[in-house]
Enquirer: 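Once you've had a glance at the structure underneath, I'll fire off some questions.
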Number of protein chains: 2
Amino acid sequence: MSPIPIYEKIYNDILDKIATKVLEPGDRIPSETELASQYGVSRMTVRQALDQLRTQHAVVKRRGSGTFVALSYGRSRRLNKLQAFRFEADLENANVRTDIKFQGRLDPPSAVADRLGLKPGQDAIRVQRVRIVEGRPAAIQDSWLPCSMVPQLAQVDLIDSSLYRTLTELCRIRLSWAEQEISASAATAEQAEWLMIKPGSPLIATTRITYQDSATPIEYSHGWSRPEFPLIVRLDA
Amino acid sequence: MSPIPIYEKIYNDILDKIATKVLEPGDRIPSETELASQYGVSRMTVRQALDQLRTQHAVVKRRGSGTFVALSYGRSRRLNKLQAFRFEADLENANVRTDIKFQGRLDPPSAVADRLGLKPGQDAIRVQRVRIVEGRPAAIQDSWLPCSMVPQLAQVDLIDSSLYRTLTELCRIRLSWAEQEISASAATAEQAEWLMIKPGSPLIATTRITYQDSATPIEYSHGWSRPEFPLIVRLDA
DNA sequence: GAGTGGTCTAGACCACATG
DNA sequence: ATGTGGTCTAGACCACTCA
């Protein structure tokens with residue numbers, strides 16, 4: 001069997017057609033039977049591709065009527081995908097710079113060791129960054145990772161200053177899921193200085209644990225963003 | 001064919017077994033082949049049930065090894081489900097009271113009319129509430145709804161003070177999905193008074209549009225919560 | 001009535017994990 | 001070597017929508 005499943009190919013083909021505007025929001029896509037004969041596969045295989053598209057809200061199915069490109073596709077999947085970890089992902093056309101405040105190996109505080117499941121004596125790597133959008137400081141990101149899993153991270157230059165890209169591309173680590181807590185806080189003196197705002201100003205405060213697989217934490221991080229950079233979440237019934 | 005699909009029954013059966021601790025986190029559930037013969041159905045039907053469970057993170061599949069009850073099931077699906085709209089949903093054992101500050105029919109400001117897709121002259125209903133948890137004010141919720149869709153809402157008593165329950169149970173409206181923007185803000189004088197905090201204190205600020213179906217808005221709302229009541233989001237690869 | 005998606009069958013071969 | 005889940009087939013009948 002070919003290395004990539006057929007339904008994956010069908011899925012990608014349709015996603016491409018949406019991205020390149022061959023299929024536009026509201027358009028009907030070929031019926032399941034039609035796609036099956038086009039690709040020379042059985043209908044169940046086509047359905048597998050369409051199910052995947054539906055889960056991601058790329059298409060909407062209407063029984064008796066057809067399958068349609070979702071109206072809102074392209075917007076509104078900001079935070080539900082792990083991809084959103086890349087700070088840049090939501091700011092595609094923006095000019096993003098990064099100021100690395102600290103990067104190195106440390107004995108982690110106990111709160112960090114707990115979240116990462118580290119035993120006493122095991123080191124962690126801390127990466128502390130300020131993200132700058134269009135010349136203005138926008139967010140502070142403070143990440144901790146188990147040293148044993150990514151030893152090289154203590155010295156290496158981050159690809160594009162992106163921890164996400166460095167982990168996936170350089171360290172070959174597959175990020176799987178994350179739990180993120182979102183709150184608000186008043187800027188401390190240091191945060192205020194880094195973000196060029198007044199101490200006490202409200203900030204979006206996030207805490208995140210990212211997992212490699214169902215239960216192995218790979219990153220524990222805190223973030224503080226200026227309110228002009230809100231998070232967007234899509235909720236489903 | 002029976003009114004409810006077979007895979008739905010299998011799905012519910014397994015979910016029940018998890019809820020009643022017959023199956024505990026980490027346990028292996030019967031193999032697909034085994035379930036197929038137990039229920040007297042084909043394997044594809046069983047897979048449909050299991051896929052549904054996996055999408056909801058109730059189970060984890062491991063190729064060559066089996067299907068297992070997820071370790072974290074029960075926690076961590078807080079904000080991803082529309083059900084989370086019920087303010088109480090995340091505070092199950094907490095004592096929640098509600099102070100209704102305003103409930104009635106109004107000519108909506110243009111920002112509200114825009115989001116709800118109202119034409120000039122069409123009224124809206126505003127419901128402004130303060131949620132009180134364990135005797136302490138926790139959040140302000142300010143909702144706007146199209147009067148034409150829920151005219152009775154102007155006078156009726158909210159079921160349990162829950163807009164979510166009133167809409168679904170009394171108005172028979174099926175909420176479908178929502179887009180929520182999360183930011184932070186400093187408490188105004190009025191907000192500070194209602195929440196019994198100091199003016200200028202940081203608050204979690206949310207803006208939400210809830211839809212009845214793929215594109216019909218039914219609610220536009222703002223919320224301000226004290227930071228002690230963070231939101232939790234699960235992100236997937 | 002013709003076409004669509006929803007459900008379901010009874011098989012098959014494969015890649016992978018574990019003993 | 002055995003058993004698991006991953007992929008796939010070539011059909012089938014049903015419920016629904018729309019012309």
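A, B, ... follow the sequence lines: proteins, then strands. Residue 1 opens every chain.
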Enquirer: Just the rounded figure in Å: distance from C1' of C/dC8 to OH of B/Y39.
Expert: 16 Å
Enquirer: Given atom CD of B/E8 and atom C1' of C/dC8, what is their separation to the nearest angstrom?
Expert: 15 Å
Enquirer: Pick the nucleotide of DNA chain C nearest each of A/I29 and B/S42; which residue has the one closer to the 5' end?
Expert: A/I29
Enquirer: Any side-chain heavy atom of A/E24 within less than 4.5 Å of one from A/V69?
Expert: no
Enquirer: Check this one for me: any side-chain N or O of A/Y7 less than 4.0 Å away from OP1 or OP2 of D/dC8?
Expert: no
Enquirer: I need the CD-C1' distance between A/Q48 and C/dG6, as an integer number of Å.
Expert: 16 Å
Enquirer: CD1 of A/I4 versus C1' of D/dC8: gap in Å, rounded?
Expert: 15 Å
Enquirer: Mark yes or no for whether A/Q103, through its side chain, and A/V156, through its backbone, hold a donor-acceptor pair below 3.5 Å.
Expert: yes
Enquirer: Between C/dA10 atom P and B/E32 atom CD, what is the distance in whole Å?
Expert: 17 Å
Enquirer: From CG of A/L35 over to P of D/dC8, roughly how many Å is that when rounded to an integer?
Expert: 15 Å
Enquirer: Measuring to OP1 and OP2 of D/dG5, would you say a side-chain N or O of B/S65 lies under 4.0 angstrom away?
Expert: no
Enquirer: Establish, with yes or no, whether the OP1 or OP2 oxygen of C/dT4 is under 4.0 angstrom from a side-chain nitrogen or oxygen of A/K61.
Expert: no
Enquirer: Which whole-number value in Å describes the distance from B/K9 NZ to C/dT7 P?
Expert: 17 Å
Enquirer: Any base atoms under 4.0 Å from B/R43, or only sugar-phosphate, or nothing? Heavy atoms, all strands.
Expert: base
Enquirer: Looking at A/S31, I'd like to know whether one of its side-chain N or O atoms comes within less than 4.0 Å of OP1 or OP2 on C/dT4.
Expert: yes
Enquirer: How many Å lie between CZ on A/R63 and P on D/dA15, as a whole number?
Expert: 9 Å
Enquirer: Heavy-atom distance under 4.5 Å between the side chains of B/K17 and B/I29, does that happen here?
Expert: no
Enquirer: Can you check whether B/R28 reaches B/R62 side chain to side chain, under 4.5 Å on heavy atoms?
Expert: no
Enquirer: With each end axis built from five pairs of C1' atoms, what bend angle do you get for the helix from C/dG1-D/dC18 to C/dT18-D/dA1? Round to 10°.
Expert: 10°
Enquirer: Is there side-chain contact between B/T216 and B/I218, with at least one heavy-atom pair below 4.5 Å?
Expert: no
Enquirer: Is B/T33 close enough to D/dG5 that one of its side-chain N or O atoms is under 4.0 Å from OP1 or OP2 there?
Expert: no
Enquirer: For residues 143-150 of chain A, tabulate all N or O donor-acceptor pairs below 3.5 Å that involve a side-chain atom, not counting sequence neighbours.
Expert:
{"from": "A/S143", "atom 1": "OG", "to": "A/E219", "atom 2": "OE2", "distance (Å)": "2.8"}

Enquirer: For B/R47, report the nucleic acid contact type (base, sugar-phosphate, nothing); a contact means any heavy atom under 4.0 Å.
Expert: base
Enquirer: Under a 4.5 Å cut-off applied to non-hydrogen side-chain atoms, are B/L163 and B/Q141 in contact?
Expert: no
Enquirer: So which one's nearest nucleotide on DNA chain C is more toward 5', A/R62 or A/M44?
Expert: A/R62
